[in-house]
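Take a look at the structure set out below.
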Amino acid sequence: MKHAVLLGSLFMATTAMLPFASMAAQATRASFGHAADGQNIDIVTLTNSHGMRARVMTYGASLQSLLVPDRNGKLADVVLGYDTLQGYLDRRQYFGATVGRYANRIAHGTFPLDGKAYHLTLNDGPNSLHGGVKGLDMQVWKVVDVKQGAVASVTMQYSSPDGDQGYPGNVTIKATYALSDDNQLKIAYVATTDKPTIVNLSNHTYWNLGGEGSGTVMDHLLMIPGDAITPVDATSIPNGQVVPVAGTPYDFRMAKPIGRDIRDGRSQQLLFGHGYDMNWVISRKEAEARVVARVEDPRSGRVMTLWSSKPGLQFYSGNFLDGTTVGKDHHIYRQGDAFVLEPQLFPDTPNHPDFGSARLAPGETYRNTIIYRFGVDGAMAK
Ligand code: BGC
C-alpha cells in the first residue's frame, strides 16, 4: 500500500516537473472503481499529440479504450468493452485483456513438463482457455511505472503464485503499454519464473476500425501473411496438422474482406468455429518482429498493422458475440462486430512438441512485444 502511495506521488511529481508544452505524449492516472474484493482498480490514460488516446486498466492489464483518428481526423473508440468497471466484472469476455498464463487452449487442461503431468482449471468444455477459470484477464495488476515524454507508457505487474490455476512456478509478469507520437501502440509482455513452467501471453482486444458499436467488420480488408493454418477438432484443439491456406477460405495472403468467404459451408473449420477462429502459421519459429496482419476499414480509412515476433496468429472473427452484451454507450455487440488478432505460440503447443516449446526456466525471460501501428488510407501504417 505504502509502495503504491509512493509511486503515485512520484508520478505526480514527475508530471508537475515537466513543462507542459514540451511533452509530446502524456499520461494521467485515476481510479476506475473497485473489484468485488474491494481492491482499487486504476486506469491510466495515455495521449499523444495527434489526439490518439489509450486507456489501460489494472483489471486484467486491459486496453479499455483507444481513440484513433479517421481520414478526416475524426476520433472513434476502436475497441469493444464497457464504460464502467462493473461491466467487466459482470461479463468479462476478455475485452481488451491480457490473456495467459497460456493464451488459447490446452487440451483437457493437461500438459507434460519435465516428465510430470500438470492439470489446469477447465473453463471451455473439456479444455483450459486463456489461463483457466481465473486467468490473467481477471487478476488485479498493479501500476509499477508511468512515463511521459516522447512516448507515454504504463507498466503493470502481476505476480502469479506457484500453482495458480494449476501452473507451476511463481511467475512475475509485466505488461507495458506505450503510445508514441507516430500513432503506434506497443504492448510489451515480459515474464520470469522461479521453477520451470510454460508461458504464452497475448492481448485479446476486440477491434472495430469503424468504431465500437458501429456495426459489422465483415467489410474490413484483412491481410495475414501466413501460408498455413493449424486446423482444430470440434473442441478447438489443434489436430496436429499444418495445412496450406492456398485455395481455402483461410487464404488472406492478399487482402480480402473478412466476410467474403466466411459463409463457405464446405469448410469444416468455419463450422467448428462459427466463423474464423484458428491459428495461422506466420513462421514455424520465433522470428524478428515483422508484420503479422494488416487491417483496413474502407469506410473510415483507418488502417492498423500488427507486428510481432511470434510464430502464430489466432484470428477470431467475434463469432460468439451474440447480441446479448451491452457494451459502451449502450451498444449491443452482435456476431461479427469485431475481430481479434492474437500473436502467440501455436495453441496447445505443450502437447505438440513439433509446434515448438512454451517452456520457461528460471533465469530466462519470456517476451512478446506486439505493435499496433495506425494510419489512414495506406499512409503511416505500412
Ligand atoms: C478464441 C475463441 C474464444 C474467444 C473468447 C478467442 O481467442 O480463439 O475460441 O471463443 O477467444 O473470447
Side-chain angles (χ1 to χ4, degrees), residues 59-64 79-82 87-88 90-109 120-138 187 189 200-208 212 217 222 224 226 229-239 250 252 258 262 267-282 292-293 306 308 310-325 327 333-349 355 358 368 370:
Y59 187 62
S62 307
L63 183 62
Q64 188 270 334
V79 312
L80 275 61
Y82 303 100
Y88 294 91
D90 291 345
R91 200 152 175 212
R92 185 69 188 91
Q93 291 184 277
Y94 306 104
F95 286 127
T98 294
V99 283
R101 293 188 191 185
Y102 197 95
N104 219 305
R105 292 177 175 82
I106 300 278
H108 306 290
L120 305 172
T121 55
L122 307 179
N123 59 339
D124 186 58
N127 305 317
S128 189
L129 173 65
H130 297 326
V133 169
K134 193 167 183 191
L136 300 179
D137 60 298
M138 290 188 197
I187 307 178
Y189 292 118
N200 180 38
L201 308 176
S202 198
N203 181 276
H204 202 289
T205 294
Y206 288 73
W207 302 94
N208 183 324
E212 62 74 35
V217 298
L222 170 66
I224 300 176
I229 58 164
T230 52
V232 291
D233 67 16
T235 71
S236 298
I237 293 294
N239 60 19
Y250 314 102
F252 282 93
I258 289 176
I262 204 169
S267 166
Q268 184 64 57
Q269 294 292 299
L270 289 172
L271 284 163
F272 281 158
H274 299 201
Y276 292 105
D277 189 6
M278 62 279 308
N279 169 62
W280 268 253
V281 178
I282 307 297
V292 295
L306 193 56
S308 160
K310 292 294 162 194
L313 178 78
Q314 183 83 9
F315 162 43
Y316 166 60
S317 50
N319 315 322
F320 301 111
L321 295 172
D322 62 2
T324 61
T325 300
Y333 297 145
R334 297 165 58 88
Q335 190 179 44
D337 279 0
F339 62 91
V340 180
L341 293 166
E342 303 155 72
Q344 53 187 250
L345 298 176
F346 299 174
D348 200 29
T349 284
F355 280 0
N368 187 7
I370 309 171

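As the structure lists them, so they are numbered: ligands from 1, and atoms in each ligand from 1. Residues: numbered from 1 along the sequence shown.
Of the residues listed (Ile229, Val281, Leu341), the one engaging Leu313 in a side-chain contact (heavy atoms from CB on, under 4.5 Å) is Leu341, and it is the only one.
Under the ring pair (Phe, Tyr, Trp, His ring centres under 6.0 Å) criterion, Phe315 pairs with Phe252, Tyr276, Trp280, not counting sequence neighbours. In this structure Asp137 satisfies the side-chain contact (heavy atoms from CB on, under 4.5 Å) test together with Arg92, Tyr94, Ala97, sequence neighbours excluded. Arg334 is linked by a side-chain hydrogen bond (donor to acceptor under 3.5 Å, both in side chains) to nothing, counting only residues two or more places apart in sequence or in another chain.
Judged purely by atom type and a 3.5 angstrom limit, Gln335 has no side-chain atom pairing as donor or acceptor with the backbone of Leu321.
The closest side-chain donor-acceptor pair between Tyr189 and Thr98 falls under 3.5 angstrom.
Protein residues with any heavy atom under 4.0 Å from ligand 1: Tyr94, Arg105, His130, His204, Tyr206, Asp277, Gln314, Tyr316, Phe320, Glu342.
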